[in-house]
Amino acid sequence: MGKKKEKDFDSDERRIYRRKRRIRNQIIAYVAVVVFAAAIVTGAVFGIREVAKLLAEKKQADELAKQLEDMAEGEDVAVEPPVTVTEPETEPVEEVDWLEEMVASSIANMPLEDKVAGLFFVTPEAITGVSQVIQAGDGTKEALDKYPVGGFVYFDQNIQDEEQFIQMLSNTMGMRTEYPLFLAVDEEGGEVRRVGKSSIEVEEIGDMADIGAEGDTMKAYNAGATIGFYLYKLGLNVDFAPVADIVADPSASFIGKRSFGGDPALVGDMAAAMVTGLQENGVSSCLKHFPGIGSVSADTHDGKAVLEKSLDELRASEFVAFRTGIEAGADFVMVGHVSAPNIVGDDTPCSMSGEVITNLLRGELGYNGIVITDAMNMAAVTESYTADDAAVRALQAGADMVLMPDDFELAYQGVLKAVQEGVIPEEQINESLKRIYRVKFRNRIDAEGNVVDVVPGSTEGEAGAEGTEEGQNTDGEPAGDGAEPGEAQQQ
């Protein structure tokens with residue numbers, strides 16, 4: 001019995017074994033069939049490709065043989081070269097200097113009378129004929145129509161309050177838009193502050209001597225930026241500052257603490273920083289008083305003053321400061337009325353000397369901006385020269401603008417006659433106007449050199465105002481305006 005069970009068990013094991021082997025063989029067979037089929041498909045694809053390739057090569061060979069046969073028979077075979085696409089040639093576009101175009105166009109259309117008027121920088125009282133101007137109305141419009149001067153300078157008497165001053169400046173600027181105006185004040189900081197000492201609230205700027213003593217040019221820059229900001233906000237576009245004179249001892253110079261100090265290099269750096277601060281805020285700067293009057297004790301407001309320095313001494317001192325300020329891009333340089341016999345050879349005021357203006361300032365220092373005289377109503381001028389003679393002499397010497405002649409009408413007529421008679425070439429007047437209008441039109445060109453639409457305009461003021469204060473010149477002295485006290489009117 002036991003043997004029979006053992007035998008049946010062995011028999012079952014063999015059956016299971018045979019069954020597993022059969023299944024394995026079937027799987028192997030299936031795999032072989034699949035592999036064989038895949039091989040056939042791959043071979044077929046490869047074969048088709050090879051056949052296609054052979055057919056293409058045969059066709060190409062037949063075409064080549066046909067071309068060779070045609071060539072052998074002498075037939076012309078046209079072989080077209082590949083087509084090359086080239087860009088059409090364009091002529092180079094010439095860049096246009098639109099600023100110069102505007103300047104040249106404006107000057108070309110000016111009557112001679114207007115050209116001459118544009119060389120004068122005066123108080124509003126000088127062309128309106130009254131003692132105090134606090135508004136710009138019909139009187140100012142009529143005066144500008146007759147005498148389109150280059151600019152107005154304002155003093156304490158013209159400023160009553162912020163609203164009044166802004167309105168007056170805005171109205172004035174909008175009266176003759178074809179001849180934009182310079183609108184200026186003396187705003188040096190310290191003692192010389194027309195706006196800063198008025199009722200208009202602005203940040204107070206101290207003496208330049210104190211700023212210079214600290215030796216920090218950033219403080220000079222900030223002084224210029226602060227002044228420039230509030231002047232521009234009011235509507236002014238020129239500041240007769242900074243002082244570039246060298247003053248070693250403030251007590252021995254009538255310039256006093258208006259100078260940054262006695263070190264030429266330091267004064268130059270300080271003046272240049274202030275120039276930058278002003279002009280980055282939209283207000284043109286004016287270096288003064290060339291060739292340098294810090295060592296002079298006498299005051300040209302009161303009479304003749306003499307600069308005793310030699311040319312070499314000026315080159316080692318004052319010229320250092322002015323050159324640095326010029327390199328900073330100062331729009332104006334003001335020439336003083338001191339006599340410099342060691343340079344000029346006689347007592348001619350520097351403001352009327354071609355040696356000082358043309359040879360030294362223009363030539364040696366390379367200044368190409370606007371040269372303006374100091375106020376021509378100072379005693380250093382009026383004691384020896386009539387208003388017309390002084391104006392003609394200044395322009396002949398190379399000045400571009402005449403500031404505050406003692407008698408504007410006389411000075412204007414004198415210059416007009418000098419140009420008409422060829423004493424002053426009209427081309428020289430044109431060159432001065434180009435320098436002036438490059439500054440006046442500069443804000444009409446953007447950073448890329450394109451023209452922008454910036455034309456001043458405003459609403460005219462109303463008539464009727466009173467006042468009694470008299471005008472002052474650019475350094476604080478009375479200005480002769482030809483009007484009697486009590487004639488203040490709105491203009």
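Counting from 1, the numbers follow the sequence of the chain as shown.
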Does the structure place the NZ or CZ of Lys233 under 6.0 Å from the centre of the six-membered ring of Tyr230, at an angle of no more than 45° from the ring's axis?
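No, Lys233 and Tyr230 do not form such a contact.
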[X] side, atom [atom1]; [Y] side, atom [atom2] - distance, nearest 0.5 Å:
X	Y	atom1	atom2	result
Asn443	Asn237	CG	CG	8.5 Å
Asp210	Ile205	CG	CD1	12.0 Å
Thr386	Asp406	OG1	CG	10.0 Å
Ile211	Asn222	CD1	CG	9.0 Å
Met274	Leu287	CE	CG	10.5 Å
Ser198	Glu162	OG	CD	9.0 Å

Expected output: side-chain [X] to main-chain [Y] donor-acceptor under 3.5 Å:
X	Y	value
Lys440	Pro180	yes
Arg362	Tyr367	yes
Asp161	Gln164	yes
Ser199	Gln160	yes
Asp407	Ala387	no
Arg193	Gly190	yes
Ser253	Ser295	no
Ser353	Cys350	no
Asp216	Met218	yes
Glu318	Ile293	no

For the residue pair Asn342 and Lys309, confirm or rule out a side-chain donor-acceptor distance under 3.5 Å.
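On atom types as modelled, these side chains do not qualify, holding no pair under 3.5 Å.
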Can you see whether Asp312 engages Ser310 through a side-chain donor-acceptor pair at a distance of less than 3.5 angstrom?
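No, no side-chain donor-acceptor pair sits under 3.5 Å.
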Between [X] and [Y], is there a side-chain N and carboxylate O pair less than 4.0 Å apart?
X	Y	result
Asp388	Lys417	no
Glu191	Lys197	yes
Arg258	Asp186	no

Do Phe408 and Phe121 make the cut of ring centroids closer than 6.0 angstrom?
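No, ring centres 6.0 Å or more apart.
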Heavy atoms from other residues, nucleotides or ligands near CD of Glu163 exceed 12 (cutoff 6.0 Å):
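Open.
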So, for Ile134 and Gln157, which heavy atoms are closest and what is the spacing to 0.1 Å?
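Heavy atoms only, the tightest pair is CG2-O, 3.7 Å.
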Side chain to side chain contact (heavy atoms under 4.5 Å, CB included) for Ile127 and Lys146? Distances and angles first, verdict last.
CA-CA 9 Å; Ile127 66 170; Lys146 184 178 181 180; over 6 Å; no
